[in-house]
Amino acid sequence: MPPALALVLGDVLMHPDSSISEITARTGYPQGYVSKSVNRLREWGVVETATDPADGRRTLVRATRTVPTRIEERAKAPVDAVLAGALDTADSQVVAEVRAALELLVDRLVPKGARTRSPALHADRAGVRRPSGGSSA
């Protein structure tokens, strides 16, 4: 999922039953982009929309009931396996360096209250070794 689309989804998750205009204001993306993103997410079965009963001109957006479970399942994916596949390398040192760089970016760019960490990442930081292989994200 492209990062901008993921940001729209994240906004919907944090602010259920928001209008397209409200999502636009919070994300800073143009209204046309937000509308297209919501349409794509709806096609994927990730969000659902409804007409605002108080104002029939507004469309309200919320995540479907299955989304939190799907996100939790993805968060459990072993990050090293995903990175190795994306980098097309089996070199564990390269994967570790990229993971450390990504963690630094999260520490610098993502507000503390908005962070979620996968259990796999916590295990890596604690020095717990996971079996190699695993599912893809």
Check whether any side-chain heavy atom of Leu13 lies under 4.5 Å from a side-chain heavy atom of Leu9, and answer yes or no. yes
Specify the closest pair of heavy atoms between [X] and [Y], including all atoms of both residues, with the distance to one decimal.
X     : Y     : value
Ser37 : Leu5  : CB-CD1, 3.3 Å
Leu60 : Pro53 : CD1-CD, 4.3 Å
Ser35 : Ile20 : OG-CG2, 3.5 Å
Val12 : Ala63 : CG1-N, 3.6 Å
Pro30 : Thr24 : C-CG2, 4.2 Å

Given the rule in the side-chain contact (heavy atoms from CB on, under 4.5 Å) test, do Val38 and Thr59 qualify, once you have shown the distances and angles that lead to the verdict? CA-CA 10 Å; Val38 167; Thr59 298; 5.9 Å; no
Please answer whether the main-chain N or O of Gly45 pairs with a side-chain N or O of Thr64 as donor and acceptor at a distance below 3.5 Å. yes
If you look only at pairs with a residue in residues 7-18, which of them pass as a side chain to side chain donor-acceptor pair (under 3.5 Å), with sequence neighbours excluded? Asp11-Arg26, Asp17-Arg62, Ser18-Arg26
In Å and rounded to the nearest 0.5 Å, what is the CD to CG distance from Glu97 to Asp91? 7.5 Å
Would you compute the distance between atom CZ of Arg57 and atom OG of Ser19 and round it to the nearest 0.5 angstrom? 11.5 Å
Step-by-step side-chain contact (heavy atoms from CB on, under 4.5 Å) determination, Lys36 to Arg40: CA-CA 6 Å; Lys36 288 179 183 177; Arg40 179 183 279 178; over 6 Å; no
For Leu7 and Tyr29, what are the C-alpha separation, side-chain angles and deciding distance, and is it a side-chain contact (heavy atoms from CB on, under 4.5 Å)? CA-CA 10 Å; Leu7 183 63; Tyr29 292 128; 3.5 Å; yes
